[in-house]
Each structure stands twice: as C-alpha cells, then as structure tokens.
Amino acid sequence: MACCGDTPTLEIVAAVSVLREHLPELKIRVVNVVDLMRLQPQSEHPHGLSDRNYDSLFTRDKPIIVGFHGYPWLVHRLTYSRPNRNIHVRGYVEEGTITTPFDIRVQNKLDRFHLVQDVVDRLPQLGTKGAYLKQMVKDKLVEHKQYIDKHGQDLPEIRNWNWVDANRKE
C-alpha cells in the first residue's frame with residue numbers, strides 16, 4: 001500500500017490497522033511517497049527511481065493500492081513504464097459536498113473501509129476470511145452514513161482514531 005498526501009496517508013494507515021487486526025497473517029508494506037517524481041524511472045526525471053529501487057519498494061508481482069491526494073490518473077501516468085502494472089489508485093474523483101471530513105473521503109472512496117475492500121478484492125486467496133472482512137467494512141459504511149445523518153459529525157471511532165491506540169496490544 002502506498003500513500004501520498006496527509007489525508008490519504010491517514011486513511012492508508014487506518015486501513016492497514018484494520019487489516020492487521022482481522023488478517024494478521026497478511027504481509028503489508030506501506031510506502032509513503034513524498035516526492036511524486038520518484039515514481040517515474042530515472043530516465044524520465046532526475047528524481048526518478050531506478051527500476052531496481054522501485055521494485056524493491058513496490059515489488060514486481062504484488063498488488064499495489066495507492067491513496068493519493070489528487071487525480072488517480074496522474075499516478076498511473078507516472079508509473080506507466082514500470083513492470084508491475086497491478087496498481088489501483090484511490091484519489092480525488094470530484095465527489096463531496098458540505099458534509100463531514102470523513103464523509104468526503106467516503107464519497108471519493110478514499111476512506112479506510114473502501115481501501116480494505118480494495119485489498120480483499122485483489123487477494124482472492126483470503127477466501128471466507130476476506131469475504132467476512134469485506135462485509136464488515138460494508139456494514140461500517142452503512143453505520144457511518146446513518147450516524148452522520150443523525151448527528152452531523154463523524155463516528156467517534158473515526159474522529160478519535162490514532163495509530164498508537166489502534167495498534168496497542170492489550
């Protein structure tokens with residue numbers, strides 16, 4: 001999983017937290033992309049990564065899910081010549097209105113629940129455990145919608161979420 005931007009980074013790490021809780025056997029790498037030009041090959045941009053360095057971060061054969069604070073097509077254009085084309089980008093799709101911060105992410109499908117669904121969709125080997133998790137996050141999206149309609153703010157578990165508490169072992 002990769003992220004670029006403050007909001008996508010928050011949602012990617014929150015999605016990873018959900019995945020680690022429910023699918024602890026799943027190996028997940030998070031790459032925080034600070035300089036978008038690093039996604040391009042060295043031959044295309046001075047900041048670009050060599051194929052070897054790019055592949056060491058993103059692999060040649062694993063699905064890559066990217067949360068991006070911009071239009072998804074840009075990441076696709078920057079990575080078009082990379083060997084691993086199994087890349088799915090969530091970003092700005094011009095959805096949203098006057099609503100809660102998290103709901104804007106939901107409407108753009110850049111929230112933790114849609115990102116978890118993306119992982120499950122790309123890993124059919126997860127079987128019934130994956131199907132259960134996918135249904136669970138769909139239910140959370142319904143709960144989210146009902147809560148903001150009633151209270152006008154995000155669920156407390158969304159508003160108060162942080163990496164430390166989410167990953168604390170009891």
Taking C-beta and beyond as the side chain, do Lys27 and Lys62 meet within less than 4.5 Å on heavy atoms? no
Look at atom CZ of Arg29 and say whether more than 12 heavy atoms of other residues, nucleotides or ligands are closer to it than 6.0 Å. no
Distance from Ile28 atom CD1 to Leu19 atom CG, nearest 0.5 Å? 4.5 Å
Identify whether Ile12 and Val116 are in the same connected component of the hydrophobic contact network (ILVMFWY, side-chain heavy atoms under 4.5 Å). yes
Report the distance from atom CD1 of Ile104 to atom CG of Asp111, rounding to the nearest 0.5 Å. 12.5 Å
Any salt bridge between Asp121 and Lys134, counting N to O under 4.0 Å? yes
Atom CG in Leu141, atom CD in Gln146: separation rounded to 0.5 Å? 11.5 Å
Enter the distance from Gln135:CD to Gln117:CD here, rounded to the nearest 0.5 Å. 9.0 Å
Result of checking Ile148, Thr7, Asp154 against Phe102 for side chain to side chain contact (heavy atoms under 4.5 Å, CB included): Asp154
Decide if atom NE2 of His69 counts as having more than 12 heavy atoms of other residues, nucleotides or ligands within a radius under 6.0 Å. no
Is there a path of hydrophobic side-chain contacts, each under 4.5 Å between heavy atoms of I/L/V/M/F/W/Y residues, joining Leu23 to Leu115? yes
For Trp161 and Ser17, which heavy atoms make the closest approach, and how far apart are they? CZ2-CB, 4.0 Å
With rounding to the nearest 0.5 Å, note down the distance linking CD1 in Ile158 to OH in Tyr147. 11.0 Å
Sidechain-backbone polar pair: Arg122 side chain, Asp118 backbone, donor-acceptor under 3.5 Å: yes
If you take all heavy atoms of Gly91 and Pro72, which pair is closest and at what distance? N-CG, 3.7 Å
So, are Arg60 and Asp55 salt-bridged, with charged N and O less than 4.0 Å apart? yes
Are the side chains of Pro8 and Phe68 in contact, using a 4.5 Å heavy-atom criterion? no
Considering non-hydrogen atoms only, spot the tightest contact between Leu123 and Pro63 and give its length. CD2-CG, 4.0 Å
Is there a side-chain contact between Met136 and Leu133, using heavy atoms and a 4.5 Å cut-off? yes
State, with a plain yes or no, whether a side-chain heavy atom of His76 is found less than 4.5 Å away from one of Ile87. yes
Test side-chain contact (heavy atoms from CB on, under 4.5 Å) applied to Phe58 and Val31, step by step: CA-CA 8 Å; Phe58 295 103; Val31 178; 3.8 Å; yes
Between Asn86 and Asn84 the two heavy atoms that sit nearest each other are N-OD1, 2.9 Å
With Arg82 as the cation and Tyr54 as the aromatic partner, state whether NZ or CZ is under 6.0 Å from the six-membered ring centre and within 45° of the axis. yes
Show the atom names and distances, to 0.1 Å, of all donor-acceptor pairs under 3.5 Å that link a side chain in residues 32-44 to residues at least two apart or in another chain.
residue	atom	partner	partner atom	Å
Asp35	OD1	Met37	N	3.0
Asp35	OD2	His47	ND1	2.7
Arg38	NH1	His47	O	2.9

Check: Val119 and Met1 side chains under 4.5 Å, non-hydrogen atoms: yes
Would you mind checking if Lys129 and Glu25 are paired as a salt bridge, meaning a charged N to carboxylate O distance below 4.0 Å? yes
If hydrophobic clusters are built from ILVMFWY residues whose side chains come within less than 4.5 Å, do Leu110 and Leu74 share one? no
With a 4.5 Å heavy-atom cut-off, do Val93 and Lys109 have their side chains touching? no
OG1 of Thr100 to CD of Gln153: how many Å apart, nearest 0.5 Å? 9.0 Å
Side-chain contact, heavy-atom cut-off 4.5 Å: Gln107 with Thr99? yes
Minimum heavy-atom separation for Asn53 and Leu49, please, with both atom names. CB-CD2, 4.1 Å
Quick one: do Arg20 and Val16 satisfy side-chain contact (heavy atoms from CB on, under 4.5 Å)? Show the steps, please. CA-CA 6 Å; Arg20 286 186 174 160; Val16 167; 3.7 Å; yes
Which atom of Gly130 lies closest to which atom of Val120, heavy atoms considered: O-CG1, 3.3 Å
Arg112 side chain near Lys140 side chain, heavy-atom distance below 4.5 Å: no
According to a 4.5 Å side-chain heavy-atom criterion applied to Ile, Leu, Val, Met, Phe, Trp and Tyr, with indirect links allowed, do Phe113 and Leu126 form part of one hydrophobic cluster? yes
Would you check, one step at a time, whether the test side-chain contact (heavy atoms from CB on, under 4.5 Å) holds for Val30 with Cys3? CA-CA 8 Å; Val30 176; Cys3 45; 4.2 Å; yes
Among the clusters formed by ILVMFWY side chains lying less than 4.5 Å apart, do Val66 and Tyr92 turn up in the same one? yes
